[in-house]
Amino acid sequence: MESFNGAPPALDKSQISGAPEQWDRSGLPAWAYTNHEQLELERDVLFRRHWQLAGHVSNAPEPGNYFCFDVAGERAIIVRGKDNEIRAFHNVCRHRGSRVVVNETGTCGSAMVCPFHGWSFNLDGTLRTVAQPKAVPTLDPVEHGLVPVEFEIWHGFVFVRFQPGPQPAVADILARHEAEIALYRSAEAVPTRNSFWSQEIGANWKCVRDVDNEGYHVPMAHPGLQDLYGNNYFDEHWQGGTTRSFGPFKDETNRLWSVRAYNSVLPEVDYLPESHRRAWLYIGMFPNQVLYFYPDGLGFYQEFPIATDKTVLRGGAYGMPLSEAGDATFNRHIRAARYLSERIDNDTAVEDIQLTVWSNEAAHSSGFQGFILSDLEYGVKQYHDQLRAIMPVLRQSEPPEQGCLEINNNKLLASLAPE
Ligand code: FES
Ligand SMILES: [Fe+2]
């Protein structure tokens, strides 16, 4: 059985850099993790008004293929048209608002047929037919088509935004990572699982992000990752709504069989430079998603609030298509590497979920007196700063009076706005 006992290895001092001498190490107030009005505000100003990673173009590879994406009461359908173009619409029937497609992924042939009364929509969203047309007034197919959702495709990843928000285009947000991510050819990737994975956990969504925004816990909590890259791992600070973490593999014999096997089976991926052939790369994007890039595959993970103490984790995994006509040994090794990296990730996810649940419990405890963040958790503070800028009510140590949170927040925003 794999286990990790004893004290975490000493940290490389060169990694503790960038944080100022003096900074507020206390984190968000505990009430921010338990307050229902705060969650409603977050659902609106963060999840509806910021770019959300819905999936990848390869989740809808053929005309008529679609995938769905639900968040904060909104629901989108991303569908590939007859012209091979990807489009995004609200998954809301124009008749009475039913879901037009029900499954998370699927194919709808040449039209999307609403399961409630049978109105149908073309793949470009226009209204195609209504059931029993003599009973329905004549409707303009464009005007009464599915309502479009703003979307953007970046290196194969499909982002949607349900309401206008403060962020620039996805390509602008991620521009500083463009050259590095282009190495991985993610636009050509295909799913390596049947569809998306998701899991509900019992914690506030910000606890998930707090855990994910620092690598300080890796030596103690993640034996697999510590064995894989250990102190080589480094979190860069948040900048322009993104963060980058890079973990070049350790140059020593691994202790855990899964990591040892992964390291030994991982082939040379010749389209990557030497620096990225034996390393894992993570790009975080505000407010709730991370893109990851491994030599053997790539993907994303994210979290969505369901309630103050209930969160859905979701993600997708992709890899370069393996040609049957290609090198059989390479293909076999890549498949084994994908199995093993997924196994290491699954162990890491179980460990992170436990830390997240414990963090959530802390926010409910009368003994919790705020964080004392280390310099290696400066990313947590930087992330909280981004939340405080959008929701200045989070600067208050005590929650606003019941029913007043949004009003208080709007007043604070108005007082902080430039003249
Ligand atoms: S709600 Fe879709 S056809 Fe009636
Ligand atoms: Fe972690």
Side-chain angles (χ1 to χ4, degrees), residues 4 8-9 11 15 68 75 77 89-103 108 111-122 125-137 139 141 144-147 199 201 203 205-235 243 245-247 256 259 280-284 288-290 292 294 299-303 311 313 315 341-360 373-374 376-377 379-380 383:
F4 180 77
L11 292 159
Q15 290 180 288
C68 292
R75 47 192 205 247
I77 172 171
F89 304 100
H90 287 270
N91 188 8
V92 177
C93 179
R94 290 302 303 274
H95 175 219
R96 279 176 54 188
S98 168
R99 284 176 187 270
V100 180
V101 296
V102 179
N103 297 325
C108 53
M112 297 170 270
V113 182
C114 178
F116 199 159
H117 308 90
W119 287 27
S120 67
F121 299 86
N122 294 307
T126 52
L127 179 63
R128 180 171 172 139
T129 59
V130 299
Q132 306 194 43
K134 285 185 184 152
V136 180
L139 298 173
H144 298 97
L146 296 177
V147 177
Q199 180 180 359
I201 64 164
W205 73 272
K206 294 190 294 301
C207 296
V208 181
R209 200 89 320 268
D210 286 351
V211 169
D212 203 57
N213 272 328
E214 50 93 357
Y216 186 41
H217 67 279
V218 169
M220 191 68 205
H222 295 317
L225 298 186
Q226 181 63 17
D227 202 23
L228 182 64
Y229 42 62
N231 291 351
N232 291 344
Y233 175 85
F234 183 64
D235 289 323
T243 183
S245 302
F246 193 56
L256 306 181
V259 180
W280 284 7
L281 168 69
Y282 309 84
I283 304 294
N288 65 322
Q289 50 225 342
V290 175
Y292 65 83
Y294 302 165
F300 69 92
Y301 57 89
Q302 58 198 169
E303 65 278 343
T311 296
L313 311 178
S341 58
E342 185 179 327
R343 187 193 153 98
I344 296 166
D345 272 344
N346 287 345
D347 287 347
T348 303
V350 169
E351 292 150 5
D352 272 335
I353 288 168
Q354 181 62 79
L355 303 179
T356 301
V357 169
W358 284 336
S359 300
N360 191 70
L373 295 170
S374 73
L376 287 170
E377 294 159 288
V380 176
Y383 181 80

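Residues take their numbers from the sequence shown, with the count starting at 1. Both backbone and side-chain heavy atoms feed into the values below; hydrogens, waters and symmetry mates do not. When a ligand or atom number is given, it counts from 1 through the structure's own listing order.
Nearest heavy-atom pair across Arg94 and Phe121 is N-CZ, 3.7 Å. For the residue pair Ser341 and Trp280, the shortest heavy atom distance occurs at CB-CZ2, 3.6 Å. Between Arg99 and Pro115, the closest heavy-atom pair is O-CD, 3.1 Å. Listed here is the closest heavy atom pair of Gly224 and Val259: O-CG2, 3.6 Å.
Those atoms of ligand 1 that come under 4.0 Å of a heavy atom in Arg96, given as number and element, are 1 (S). Less than 4.0 angstrom separates some heavy atom of Ser98 from each of these atoms of ligand 1: 1 (S). Each of the atoms 3 (S) of ligand 1 lies under 4.0 Å from some heavy atom of Trp119. The atoms of ligand 1 that sit less than 4.0 Å from any heavy atom of Gly118 are 3 (S). The ligand atoms of ligand 1 that sit less than 4.0 angstrom from a heavy atom of Cys114 are 1 (S), 2 (Fe), 3 (S).
Residue-level check: among N/O/S atoms of His95, ND1 sits closest to atom 4 (Fe) of ligand 1. Summary: NE2 is the N/O/S atom of His217 found nearest to the Fe ion (ligand 2). For His117, the N/O/S atom at the shortest distance from atom 4 (Fe) of ligand 1 is named ND1.
Residue side and main chain included, Cys93 places no N/O/S atom under 2.8 Å of atom 4 (Fe) of ligand 1. Asp352 lies close to the Fe ion (ligand 2), since one of its N, O or S atoms is found at a distance under 2.8 Å.
Using a distance-only test at 3.5 Å, with no hydrogens or angles considered, no donor-acceptor pair links the side chain of His117 to the main chain of Cys114. Distance alone, capped at 3.5 Å, is enough to place a donor-acceptor pair between the Ser120 side chain and the Thr129 backbone. A distance-only check finds a donor-acceptor pair linking the side chain of Asn91 to the backbone of Val101 [under 3.5 Å].
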